[in-house]
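Small disclaimer: the values here were computed from a predicted structure and weren't measured. Every chain is numbered from 1, with letters handed out A, B, ... down the list of sequences.
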Amino acid sequence: MSRYNAKTVEAKWQAVWAEQRSFEVEANLTLPKYYVLEMFPYPSGRIHIGHVRNYTMGDVVARYKKAQGFNVLHPMGWDAFGLPAENAARDKGVHPADWTYANIAHMRDELKAMGLSLDWSKEIATCHPGYYGHQQKLFLDFFEKGLVYRKESWVNWDPVDMTVLANEQVIDGKGWRSGAVVEKRKLDQWMFRISDYSEDLLDSLEKLDRWPDRVRLMQQNWIGRSQGARISFEIIGEDKPLEIYTTRPDTLFGASFMAVSADHPLTQRLAKDNPAIKDFVAECHRMGTSEEAIEKAEKKGVDTGLEVAHPFIPGKTLPVYVANFVLMDYGTGAIFGCPAHDQRDLDFARKYGLEVTPVVAPDNADPEIGDTAYTGPGKIINSDFLNGMEVEAAKAEIIRRLEEMGKGTAKINYRLRDWGLSRQRYWGCPIPMIHCVKCGTMPEREENLPVKLPDDVTFDKPGNPLDHHPTWKHVKCPGCGGDATRETDTMDTFVDSSWYFARFCSPRADQPVEREKVDYWLPVDQYIGGIEHAILHLLYSRFYSRAMKVTGWSDIDEPFAGLFTQGMVTHETYRSEKGEWLLPEEVGHNDAGDLVELISGKPVTIGGIEKMSKSKKNVVDPGAIIDKFGADAARWYVLSDSPPDRDMEWTDAGATGAWRFVQRLHRFILEHIEAACPVHAPEPEEFPEAAKNLRKSAHKTVAKVTENIENLHFNNAIARIYEFMNALGDFKSDGTEGAKWALREGMEIIVNLVAPMMPHLAEELWQMLGHDTILVETRWPQAIKALTVEDKVTMAVQVKGKLRATIEVALDEQAKIVEEIALAQKSVQNAIGENTIRKIIVVPNRIVNVVI
RNA sequence: GCCCCUGUGGCGGAAUUGGUAGACGCGACAGACUCAAAAUCUGUUGUCCUUAGGGCGUGCCUGUUCGAGUCAGGCCAGGGGCACCA
């Protein structure tokens, strides 16, 4: 018998779909639309299992929705700007564009081999001027509406390579290539005013009811709305007060010091003639720019010698410190320290011998403070007029008093900062601005868009190639026509991915988007991607859709109506003797069974199981899997083994099981087609008992699989299909018309249910079943309700919560009768023994619990 | 450090959302077919008590409940994000 040949069959159906343009769609107001989108990939060179998982999930949804009669938009593109292309240019001497387009070509072939229902006619790449030119247009529109501005902000500076480093390029405070200690440096940078939308971005999370709760929670915490107070402290001997922000004004009587940021104007002024402060500020600037680095550093400070007056305790003064844990970007860049009720303040106070006065007493607990600050609720003590109040009441009262005195006010603060989009790199979208000595910073004229990247660049010098290009930046000012220079910074690649979903609606339009198209297709109905994008990418995209509304490009606030965050695909990490990351295929076992580097035979260290990432090289090439077992088996495997929202560790064993199922289903249809009735035969009047049961099983499966796919529980859908396959295998036909008909029905149903996951095999089987239509144009099966309900149920009988028997009763049987049957069981009687029955709980159709 | 998530057999996981823990798959073991292997098929497979029948069992500890994998509180372990990786 011929075995199923995945390779030829898959190629055959891919050709058919391409020829029939099965997945190319146009906006059509007479049809209900459904927009399925998976996060587009970075063209790193080859697809990895994470992509296979992500795109298979999206494909199942897309094919399922199409079978449900929706007009489905399912596009694909490339997040093609970014650092790795420049690294390749430096390391291998390849031009970033050549490297990127070669990678795209290879990965496109790989994706096509997966048989995804993508509309390839809508493919876009963000590094193409046809894309980024429109991004520049959007930037200019945003600039005109005041959504973009320029501000000095901090970057990681490598003093040896004379270049700006990304956070991931800073390892233990040192540059990854030079090894030099990284400094913070201030540069003029372009910013988006995302913080203007803090409140809206926060409040609108409520409406995103098809987003995972955890993502909404993460965004909520990220935006970080806090209700607090601004308080001004009089600095002794100074005219201007010190403004602070606090979320705990109720602890003001426990204040023992003030702390200001190293970047606070007061600090900068004092540093001029105080070497100790100057040195300390310099030390702070040697810390990285990441919040993690700042939080993990030892809490340190330096006394400025200044003192402030306590607003409520006459004669009491507090010393002012410059401290490394106070952020200039948050609040006012200055705080009061209340060590008893804030851990950082406590660490700091212990280090510098500052006083620790508890002012909140937890109920029935000793307010003695050791090494742990008390941050819980309680009653206020040691605080004059606040004594005896609960924390919340005390906050309100002290703000009222401060307002009376004109020394403070209630203030809502957000943690969310404006989005710095400037990057000092070549391989990104040029910022279309021009600096003129006379006119200042001017937007480029629209007719000059796109501002294209120059091709002739070199990466042999440190710094930004655009900056040392001989001619590119020298232009005439669009205002006065005089000599001027182009902005040489390019945009953060998050900008590219903040509107690509809108561009897909009209990917070849000569403006960023066409209104009718985005009005029809947006928002994305189901967006699928990694949880690692839970905050930044999704938040930036939400901001972008608001900004595009302000500039008239669309009318939606929220770009993604439904979001699904798939778990990451993880894999062990490997390092060579020298500490370099190694790909799994570079690693193997030697004769002695030790893990070694295959080329050199040198030992390999196994690291943790971590998210697959380019930088750690712990990636698996799925090409080999597809080559060996076919795309259908690979798709089936990534869906079957783990719940889609959880992390999945790649193992080779699972793929074999999927492959076996492909064979089993194919063989079953092949061997049983003769035993089934002809295609489109009319339904007979009578069914033998076994056929009735098969039909019940089939229709229950349809109902469950439909529900599972709706909820994206693909692993459960597959388990149900396996169960039905087992039922089909167990079916004994008696040769009657009813049996033949039920067998065909079962076979057709399983082929339909399997189709979104294994589309090639399903098409092939559909044809074998005698159909001359193709499955991608076939409607999803409907479960017959009457066949999905049973008239009998099995109920569990517990005595004192322990299972003692199971009983079979009629569906929705009266509680009294159920009790009788339950108590009649011998094992139940044994368990009850001499005890008296106190109560019997009957949960209909589920369980009986006899309480003794 | 801060925020979020996860923890169930040898393994991936299921559990009608508080109601029979371990569906389905992988692996393993035994058998059938075969000269043999592969493939396929059948059966067994949480654990302990030699069996009948029971005991124990969802990271750990406490609690709520007739009943807890599921809810609450406290721990432990692993993972993700922390604003210039994408």
Scan [X] against the nucleic acid and name what it touches under 4.0 Å (heavy atoms): base, sugar-phosphate only, or nothing.
X        : result
A:Trp419 : nothing
A:Phe325 : nothing
A:Ser642 : sugar-phosphate
A:His537 : nothing
A:Arg838 : nothing
A:Pro41  : nothing
A:Ile841 : base
A:Lys800 : nothing
A:Leu539 : nothing
A:Glu723 : sugar-phosphate
A:Asn849 : base
A:Val797 : nothing
A:Gln169 : nothing
A:Gln189 : base

Quiz item: A:Asn167 side-chain donor-acceptor pair to B:rC84 base, under 3.5 Å:
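No.
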Quick check: any donor-acceptor pair below 3.5 Å linking the side-chain of A:Glu295 to the base of B:rC82?
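Counting by modelled atom types and ignoring angles, no donor-acceptor contact under 3.5 Å is found here.
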Is the closest side-chain donor-acceptor distance between A:Asp418 and A:Ser195 under 3.5 Å?
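Side chains of A:Asp418 and A:Ser195: pair found under 3.5 Å.
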Can you tell me if A:Gln424 and A:Asp489 form a side-chain donor-acceptor pair at under 3.5 Å?
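Distance-only check passes for A:Gln424 and A:Asp489.
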Between [X] and [N], is there a contact of a side-chain N or O with OP1 or OP2 at under 4.0 Å?
X        : N      : result
A:Arg660 : B:rG27 : yes
A:Arg423 : B:rC84 : yes
A:Arg216 : B:rC4  : no
A:Asn156 : B:rC84 : no
A:Asn87  : B:rC85 : no
A:Asn830 : B:rG54 : no
A:Asn715 : B:rG25 : no
A:Lys802 : B:rG57 : no
A:Arg667 : B:rA39 : no

Nucleotide opposite [N] in a Watson-Crick or G-U pair, distances under 3.5 Å:
N      : value
B:rU51 : none
B:rC2  : B:rG81
B:rC11 : B:rG25
B:rC35 : none
B:rC56 : B:rG46

Hey, do the aromatic rings of [X] and [Y] have their centres closer than 6.0 Å?
X        : Y        : result
A:Phe81  : A:Tyr132 : yes
A:Phe192 : A:Tyr540 : no
A:Tyr500 : A:Phe40  : yes

Since syn is defined as within 90° of 0, does B:rU47 count as syn or as anti?
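Anti.
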Specify the glycosidic conformation (syn or anti) of B:rG46, with syn defined as within 90° of 0.
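Glycosidic conformation of B:rG46: anti.
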Would you mind reading off the distance between [X] atom [atom1] and [N] atom [atom2], rounded to a whole angstrom?
X        : N      : atom1 : atom2 : result
A:Leu639 : B:rG12 : CG    : C1'   : 14 Å
A:Asp329 : B:rC84 : CG    : P     : 11 Å
A:Asp645 : B:rC5  : CG    : P     : 12 Å
A:Tyr722 : B:rA23 : OH    : C1'   : 14 Å
A:Gln219 : B:rC3  : CD    : P     : 17 Å

Write down the distance separating the [atom1] atoms in [N] and [M], rounded off to the nearest Å.
N      : M      : atom1 : result
B:rG79 : B:rU47 : C1'   : 30 Å
B:rU64 : B:rU20 : P     : 23 Å
B:rG54 : B:rC5  : C1'   : 39 Å
B:rG78 : B:rC84 : C1'   : 28 Å

Tell me, with the steps shown, if A:Tyr131 and A:Trp499 meet ring pair (Phe, Tyr, Trp, His ring centres under 6.0 Å).
CA-CA 10 Å; A:Tyr131 183 81; A:Trp499 71 286; 4.6 Å; yes
Test: A:Asp172 and A:Lys174 ion pair at under 4.0 Å:
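No, this pair does not count.
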Check A:Lys299 with A:Asp347, please: is the shortest side-chain N to carboxylate O separation under 4.0 Å?
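No.
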Which residue lies toward the 5' end of RNA chain B, A:Val851 or A:Phe81, if each is placed at its nearest nucleotide?
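The residue closer to the strand's 5' end, by nearest nucleotide, is A:Val851.
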Nearest nucleotide by nearest heavy atom, which residue falls closer to the 5' end of RNA chain B, A:Asp730 or A:Ile718?
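Between the two, 5'-proximity favours A:Ile718.
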Is the backbone N or O of A:Leu205 less than 3.5 Å from a side-chain atom of A:Arg216, with the two atoms forming a donor-acceptor pair by type?
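Yes; judged by distance alone, with no hydrogens or angles, the pair exists.
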With respect to the side chain of A:Pro643, which nucleotide from B:rC85, B:rA14, B:rU20 is positioned closest?
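For the A:Pro643 side chain, the nearest candidate turns out to be B:rA14.
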